[in-house]
Amino acid sequence: MPRKSEYAKPTRSQKKKSDAKKSAAPSGKAEPSTVASSTRPWSNQEIAALLDRIGDILSILGENRFKIIAYQRAADVIEHSSRGVQDIWAGDPANLRAIDGVGEAIAEKLDELFRTGKMSYYEKIRAQVPEGLVELLAIPGVGPKTVAKFWKEFNITTLDELKHALEDPEKNLPGIGEKTIENLKQGIGTIGLHTTRVWLAVAFYFAQELMQELHQAAGASIQKISTGGSLRRMRPTIGDIDLLAVSNKPQTVIDAFVKLPQVREVLAKGDTKASIVAHNGMQADLRVLEPKNWGTALQYFTGSKEHNIRVRDIALKKGLSLSEWSYTRIKSGKEIFCETEEQVYAMLGMDWMPPELREASGEIEAALKHTLPKLIRFEDLKGDLQCHSKWSDGSATIREMAEGARARGLKYIAITDHSQGLGVARGLDPKRTREQWKEIDALNSAYDGAFRVLKSVEVEIHADGSLDLPDDLLAGYDIVLATTHSALNQSREKITARVLKAMHHPLVDIFGHPTGQLIGTREPSALDLEQVYRAAIETGTILEIDGTSERMDLTDVNARRAVELGCKLVIDSDAHNPDGFDDLHWGIAMARRGWITKKDVLNTLEWDELRKRLKRNL
DNA sequence: GCCGTTTTCGGCCCGACTGTTTTCAGTCG
Ligand SMILES: Nc1nc2c(ncn2[C@H]2C[C@H](O)[C@@H](COP(=O)(O)OP(=O)(O)OP(=O)(O)O)O2)c(=O)[nH]1
Ligand SMILES: [Mg+2]
Ligand SMILES: [Mg+2]
Ligand SMILES: [Zn+2]
């Protein structure tokens, strides 16, 4: 019988900062096991962690690097797939080949895993490498070659053994240089101090702070500055802050950067780039270049990595080598500089792609065919259909919320204070609800058409699928949002049946924050989203993108899948105070990352139009 | 291990920074 910890969820290695989750189970300790007595559901997250782990083990074993990359790529694609890989499989390994990066070998291995709960290949290679070695890869600056050296030359197989050896390096680690020893000690000391991934909003505001600070310190030497990386692509979670600047005095800017008051540790510092770790644990990378390099550099630093690799591969086939510095004609060696990203893509016959699309998920093909979508923008939103007031757990009056929304260009909001049964958040009973309606009526009269407050509610869907409020009350609202907060750990069958029952209710207009995820805290529920999408289309229920930074629910790939199947969405802030409406920007980011255009988002309509689209009014 | 309007075999993106390997390997972005 394997130890209990071996059944813990596999987690992807800390150093790679996969956006698996912010506060994942402690890395290294929970070595995934595929030896199960029976079959069970496997989440994409777990499958990705397993493939990643295989990649780690193979790298320590010194396997062919392209084989390792193949496992890592498959892991990446699976982690960000909108559909459950086990669902795609459906009992036939051939179905798995449709997944990018999954070929015959990985398909067969996953087939065995799903059928038997065991993957012999993983068990085999796992037995060849001491268990504690993989976690050594999490030490900054330590990669597979170094780990293999510890193991083969010094018989070190765990972090504790390495720490012990470092107490007397001359004796225990002969041939390792002095600086390397220092870096190892330092690196081990910072394990756990560096953040893994943070919410988009957290990274966004910290990046603003760093850029302002850098501007104060060296503004005269900076001609241009921009974010790059996952932050510019607006991913829901961010591994580090990537900054890019143009300067005629690069060294001045780099020097100023590593001396910013936010800096705790300098990881690297050279002529064109520097990496630091801030006191808050976030890493920040800065690259500094000349104006003539801006286009290629911004394209490079924005990524994603996989997007870059594919773009560079296409360039190669046209006889061009692309780097952050320039294109180079391979035959003549002639350099071609691009000052804008448009030029970089135009060289290859591609339209410019919004950064949000650059995830190697079809955007390159669309750019070549000139069929990129016209993505929704913040300015397209006319209203917000989820926000809270003092009547329940919000901190502002309805009027203050309305003014906050109006200041941001919106024309209507739905006040969705919680229903009572939740027992939390001072939910409204029918009596208080009718009092609230009077206040809303008065406010709307005062606005006299200039703004509209809608009577709404965030009604809890009970564990059995019934709603927390009686139908006669639900009928009195302008629009009703139904959500789940309790019993989110129900089985897939139970929670799906529960949600579908609510979606079939004629007075449920929107199903909000569908998976219930709280990034870094709570995993998405086991809800079968494919069934939810079908039910949404069948019943005319609208699905929500909740833009609160810890929710992002539906998230990018799920929203994309929903709309591809024909669902209609709304993008809401879930604001609890007037500034909370700014979270609509994160919701818009998810929609844009989901390739979504204005026509599929119903709160881009005026209320009079939107009202006609609600199933209660059909 | 994956993949294919130049290939079912032979490629697989490209460069910065670090340390000590005096000409480059390892790690990272
Ligand atoms: N061509 C190429 N570009 C890369 C590679 N690795 C990273 N980049 C580019 C694209 C990335 O978006 C950018 C910043 O790298 P990061 O490691 O910070 O990744 P990114 O910001 O995309 O995700 P993150 O949230 O930080 O994990 O650098 C690579 O191996 N090749
Ligand atoms: Mg980054
Ligand atoms: Mg980075
Ligand atoms: Zn809620």
| field | A:Arg312, nearest nucleotide to its side chain (from B:dA16, B:dT18, B:dC14) | value | B:dC14
| message | At 4.0 Å (heavy atoms only), tell me whether A:Leu316 reaches a base, stays on the sugar-phosphate, or touches nothing. | response | sugar-phosphate
| task | For A:Asp313 and B:dC2, give me the distance from atom CG to atom P, rounded to whole Å. | result | 18 Å
| note | Closest of B:dG29, B:dA16, B:dT20 to the A:Phe301 side chain is B:dG29
| Mapping A:Lys67 and A:Lys305 onto DNA chain B by nearest heavy atom, which one lands closer to the 5' end? | A:Lys67
| said: If I pick the P atom on B:dT20 and the same atom on B:dC2, what distance separates them, to the nearest angstrom? | reply: 38 Å
| query | When rounded to the nearest Å, what value does the distance between C1' atoms of B:dT7 and B:dA16 take? | reply | 33 Å
| query | Is there side-chain contact between A:Arg53 and A:Tyr122, with at least one heavy-atom pair below 4.5 Å? | reply | yes
| Does A:Trp352 reach the side chain of A:Thr340, with side-chain heavy atoms less than 4.5 Å apart? | no
| request: Choose from B:dG15, B:dC13, B:dT18 the nucleotide whose nearest atom is closest to any side-chain atom of A:Asn183. | output: B:dT18
| task | Could you work out which one of B:dG29, B:dA16, B:dC14 sits closest to the side chain of A:Gln283? | result | B:dG29
| task | Considering only NZ, NE, NH1 and NH2 on the basic side and carboxylate oxygens on the acidic side, decide whether A:Arg561 and A:Asp87 come within less than 4.0 Å. | result | no
| message | Rounded to whole Å, please give me the gap between CE in A:Met119 and P in B:dG1. | response | 12 Å
| message | On the nucleotide B:dC17, are OP1 or OP2 found under 4.0 Å from the side-chain N or O atoms that A:Thr272 carries? | response | yes
| Which of these nucleotides, B:dG15, B:dC2, B:dC3, is closest to any side-chain atom of A:Glu324? | B:dG15
| message | Mind checking if A:Val311 touches a base, just sugar-phosphate, or nothing, with heavy atoms under 4.0 Å? | response | nothing
| said: If you compare every side-chain N and O of A:Trp325 against the phosphate oxygens of B:dA16 (OP1, OP2), does one of them come in below 4.0 Å? | reply: yes
| query | For B:dT6, does the O4'-C1'-N9-C4 (purine) or O4'-C1'-N1-C2 (pyrimidine) torsion place it in syn, i.e. within 90° of 0, or in anti? | reply | anti
| Electrostatic pair A:Lys163-A:Glu167, nearest N-O below 4.0 angstrom | no
| field | Contact nearer the 5' end of DNA chain B, comparing A:Pro144 with A:Ile176 | value | A:Ile176
| request: Describe the nucleic acid contact of A:Ile309 in one word from base, sugar-phosphate, nothing, applying a heavy-atom distance below 4.0 Å. | output: base
| request: Pick base, sugar-phosphate or nothing for A:Lys318, based on heavy-atom distances below 4.0 Å to the nucleic acid. | output: nothing
| When you compare B:dG10 with B:dC17, how far apart are their P atoms, in angstrom units rounded to a whole number? | 37 Å
| message | Nearest 0.5 angstrom please: A:Met282 CE to A:His194 NE2, how far? | response | 12.0 Å
| request: Answer with base, sugar-phosphate or nothing: what part of the nucleic acid does A:Leu322 contact at a heavy-atom distance below 4.0 Å? | output: sugar-phosphate
| query | Taking the side chain of A:Lys273 as heavy atoms from C-beta outward, which of B:dC13, B:dG29, B:dC2 is closest to it? | reply | B:dG29
| task | Could you please name the option among B:dG26, B:dG1, B:dC13 that lies closest to any side-chain atom of A:Thr146? | result | B:dG26
| said: Looking only at the side chain of A:Ala268 (C-beta and beyond, no hydrogens), which of the listed nucleotides B:dG29, B:dG1, B:dC17 gets closest? | reply: B:dC17
| task | Starting at atom CZ of A:Arg65, determine the distance to atom C1' of B:dC2, rounded to an integer number of angstrom. | result | 14 Å
| task | Please determine, for the side chain of A:Tyr300, which listed nucleotide (B:dT7, B:dG29, B:dG15) has the closest atom? | result | B:dG29
| request: Sticking with atom P, work out how far B:dT22 lies from B:dC28, rounded to a whole angstrom. | output: 22 Å
| task | Please determine, for B:dT27, whether a Watson-Crick or G-U wobble partner exists with both distances under 3.5 Å, and give it or none. | result | B:dA16
| said: In whole Å, measure the gap between the C1' atoms of B:dT5 and B:dG1 for me. | reply: 24 Å
| remark: Atom CD1 of A:Ile139 and atom P of B:dC28 are separated, to the nearest Å, by 10 Å
| message | Is the phosphate of B:dC13 approached by A:Ser321 (side-chain N or O, under 4.0 Å from OP1 or OP2)? | response | no
| request: Look only at the side chain of A:Thr555 and the backbone of A:Asn558, and say whether a donor-acceptor pair between them is shorter than 3.5 Å. | output: no
| said: Ring of A:Trp42, cation from A:Arg40 - is the NZ or CZ under 6.0 Å from the centre and inside 45° of the axis? | reply: yes
| field | Integer angstrom distance from the C1' of B:dT6 to that of B:dT23 | value | 37 Å
| message | Please report the distance, rounded to the nearest Å, between CG in A:Leu267 and P in B:dG29. | response | 8 Å
| query | In whole angstrom, what separates A:Tyr327's OH from B:dG15's P? | reply | 14 Å
| message | When you compare the side chain of A:Arg115 with that of A:Trp89, does any pair of heavy atoms fall below 4.5 Å? | response | yes
| query | Of all the choices, B:dT27, B:dA16, B:dC3, which nucleotide is nearest to the side chain of A:Lys145 once you look at every atom? | reply | B:dT27
| task | Take atom CD of A:Glu104 and atom P of B:dG1, then tell me their distance rounded to the nearest Å. | result | 10 Å
| Tell me: CD of A:Glu265 to C1' of B:dC17, nearest whole Å? | 15 Å
